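Predicted, not measured: the structure shown is a model, and the values here were computed from it.
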Amino acid sequence: MRLALAQLDVEPTDVRENVERAVSAVADAADRGADLVVLPELFTVGYFAFDSYARTAESLDGPTLTELAEAARDHEVGIVAGSIVEDLATTSDGPAEEGLANTSVFLDRAGERRAVYRKRHLFGYDSAESDLLVAGESLPTVEFEGFTVATTTCYDLRFPELYRRLVDAGTTLVAVPSAWPYPRVEHWRLLPRARAVENLLYVGAANGVGQFEDARLCGRSTVFDPWGTTLASSDDEGTVVLADCDPERVASVRAEFPALGDRRL
């Protein structure tokens, strides 16, 4: 399976421009043979545009996901629709009857919604996210091209117990839409790789780029294999990162180095 990470240059608060860039990136990735395209966290409005969350919130049937579903159908690719600000009052299966969530959606090649993941760990340090959003509760997985695919979002990378739960659910590839800023770039280099190594699975960490008032996203989207090897990576400019991933590689690494069988917790 060819995995694409769409490292979008996110324009703060400009939803229309950002969605057009996302659709263009999906088309570019598909033209280059991608099977699955992962978009960054809150690519529609920009993670740090906190004052715009409520104004730009959408339903799962709203214009952004409708347009991306059409792109999935047109190009016959799966899409992890990064994340959007979801209006929970428009859904019946959310973690709350109202409020906002940081929500990623897995769209298959037919544009059908296969899974909805709402960010579980909300960033509290010097951030408004935990005040503005409702944390998710479910951990869905999707079977796609021989992989069991799960999604986590950005700050979730700091909580390894979440990934152990995904391993127990059979996950072999984790897509990680993110909006990781420069002051913690070394953590961004480390954590996706650590999650790949300790869980012996693929991790595709898709970051955005772009400047906000007091933050700059660091890019460096990367695909790691189950041994922690970097298959493809980028700098801090808008681009599409491509890597070929083999589901048999997960099985072979786990057989060669069966560390998961030695777990005691």
Side-chain angles (χ1 to χ4, degrees), residues 1-11 14-47 53 55-95 100-119 136 138-154 173-179 204 206 208 221 238 240-242:
M1 181 188 75
R2 180 159 292 182
L3 177 64
L5 309 179
Q7 183 169 286
L8 302 180
D9 189 348
V10 180
E11 190 69 32
D14 193 340
V15 175
R16 183 66 252 152
E17 176 64 25
N18 291 330
V19 172
E20 288 178 359
R21 291 179 185 182
V23 171
S24 177
V26 168
D28 178 31
D31 287 345
R32 296 163 66 185
D35 297 293
L36 179 63
V37 184
V38 184
L39 304 175
E41 178 185 21
L42 296 182
F43 69 92
T44 52
V45 64
Y47 174 85
Y53 279 17
R55 175 176 59 81
T56 60
E58 299 182 31
S59 74
L60 298 182
D61 296 312
T64 294
L65 293 176
T66 297
E67 192 165 348
L68 287 173
E70 182 178 346
R73 288 192 299 272
D74 288 347
H75 300 288
E76 297 183 339
V77 296
I79 301 175
V80 176
S83 66
I84 66 167
V85 182
E86 181 192 6
D87 180 358
L88 292 174
T90 64
T91 186
S92 61
D93 64 351
L100 307 175
N102 185 334
T103 302
S104 296
V105 174
F106 191 109
L107 301 168
D108 66 16
R109 294 181 189 271
E112 296 296 323
R113 190 163 65 229
R114 297 277 303 282
V116 176
Y117 174 73
R118 298 175 177 97
K119 188 175 183 181
S138 63
L139 289 175
T141 61
V142 174
E143 299 303 314
F144 187 82
E145 297 297 320
F147 286 93
T148 300
V149 182
T151 301
T152 67
T153 307
C154 201
L173 186 154
V174 183
V176 189
S178 299
S221 300
V240 174
V241 177
L242 292 159

**Student:** Kindly write out the residues that satisfy side-chain hydrogen bond (donor to acceptor under 3.5 Å, both in side chains) with T141, not counting sequence neighbours, or none if the list is empty.
**Tutor:** none
**Student:** Looking at residues at least two apart in the chain, or sitting in another chain, which of them share a side-chain hydrogen bond (donor to acceptor under 3.5 Å, both in side chains) with E112?
**Tutor:** none
**Student:** Do F147 and M1 have side chains that get closer than 4.5 Å, going by heavy atoms?
**Tutor:** yes
**Student:** Atom OG1 of T90 and atom CG of D61: how far apart are they, to the nearest 0.5 Å?
**Tutor:** 7.5 Å
**Student:** Under the 3.5 angstrom rule, does the side chain of E41 hit a backbone N or O of A179 as a donor-acceptor pair?
**Tutor:** yes
**Student:** Is there a side-chain contact between T44 and V19 (heavy atoms, below 4.5 Å)?
**Tutor:** yes
**Student:** Report the residues that fulfil salt bridge (Lys or Arg N to Asp or Glu O under 4.0 Å) with D35, sequence neighbours left out, ordered by chain and then residue number.
**Tutor:** R109
**Student:** Could you walk me through whether V116 and L60 pass the side-chain contact (heavy atoms from CB on, under 4.5 Å) check?
**Tutor:** CA-CA 9 Å; V116 176; L60 298 182; 3.9 Å; yes
**Student:** Could you tell me which residues satisfy side-chain hydrogen bond (donor to acceptor under 3.5 Å, both in side chains) with D93, sequence neighbours excluded, listed by chain and number?
**Tutor:** T91
**Student:** Under 3.5 Å, sequence neighbours excluded: what are the donor-acceptor pairs made by side chains of residues 21-30?
**Tutor:**
unit_1 : atom_1 : unit_2 : atom_2 : d
R21    : NE     : E17    : OE2    : 2.9
R21    : NH1    : D9     : O      : 2.4
R21    : NH2    : E17    : OE2    : 3.4

**Student:** Test side-chain contact (heavy atoms from CB on, under 4.5 Å) on V45 and V85; report intermediate values, then the result.
**Tutor:** CA-CA 8 Å; V45 64; V85 182; 4.2 Å; yes
**Student:** Any heavy-atom pair between the side chains of I84 and L65 that's under 4.5 Å?
**Tutor:** yes
**Student:** A side-chain contact here means heavy atoms from C-beta on lying under 4.5 Å apart; do T153 and S178 qualify?
**Tutor:** no
**Student:** Less than 4.0 Å between a side-chain N and a carboxylate O, is that true for E143 and R114?
**Tutor:** no
**Student:** Nearest 0.5 angstrom please: E145 CD to D108 CG, how far?
**Tutor:** 10.5 Å
**Student:** Looking only at heavy atoms, what is the nearest atom pair of P177 and V38, with distance?
**Tutor:** CG-CG1, 4.2 Å
**Student:** Provide the closest heavy-atom pair for R2 versus G33 in the form atom of the first, atom of the second, distance.
**Tutor:** CB-O, 3.4 Å
**Student:** Between L107 and G111, what is the shortest heavy-atom contact and its length?
**Tutor:** CD2-O, 3.8 Å
**Student:** Return the set of residues passing ring-ring contact (aromatic ring centres under 6.0 Å, His included) with Y117 (not counting sequence neighbours), or none when no residue passes.
**Tutor:** none
**Student:** Show me the donor-acceptor pairs within less than 3.5 Å that the side chains of residues 67-76 make with the rest of the protein, sequence neighbours left out.
**Tutor:**
unit_1 : atom_1 : unit_2 : atom_2 : d
E67    : OE1    : R16    : NH1    : 3.3
E67    : OE1    : R16    : NH2    : 3.1
E67    : OE2    : R16    : NH2    : 3.0

**Student:** With sequence neighbours left out, what residues match S83 under side-chain hydrogen bond (donor to acceptor under 3.5 Å, both in side chains)?
**Tutor:** N102
**Student:** Can you pull the salt bridge (charged side-chain N to carboxylate O under 4.0 Å, His left out) pairs that have at least one residue in residues 77-92, sequence neighbours excluded?
**Tutor:** E86-R118
**Student:** Quick check: closest heavy atoms across L3 and G204, and the distance to 0.1 Å?
**Tutor:** CD2-CA, 4.1 Å
**Student:** May I ask you to decide if S221's main-chain N or O and Q7's side chain share a donor-acceptor pair within less than 3.5 Å?
**Tutor:** yes
**Student:** So, taking the atom named CD in E58 and the one named OG1 in T64, what distance separates them when rounded to the nearest 0.5 Å?
**Tutor:** 3.5 Å
**Student:** Distance from L42 atom CG to Y47 atom OH, nearest 0.5 Å?
**Tutor:** 8.0 Å
**Student:** Would you mind telling me which of V37, L242, V241, L39 makes a side chain to side chain contact (heavy atoms under 4.5 Å, CB included) with L5?
**Tutor:** V241
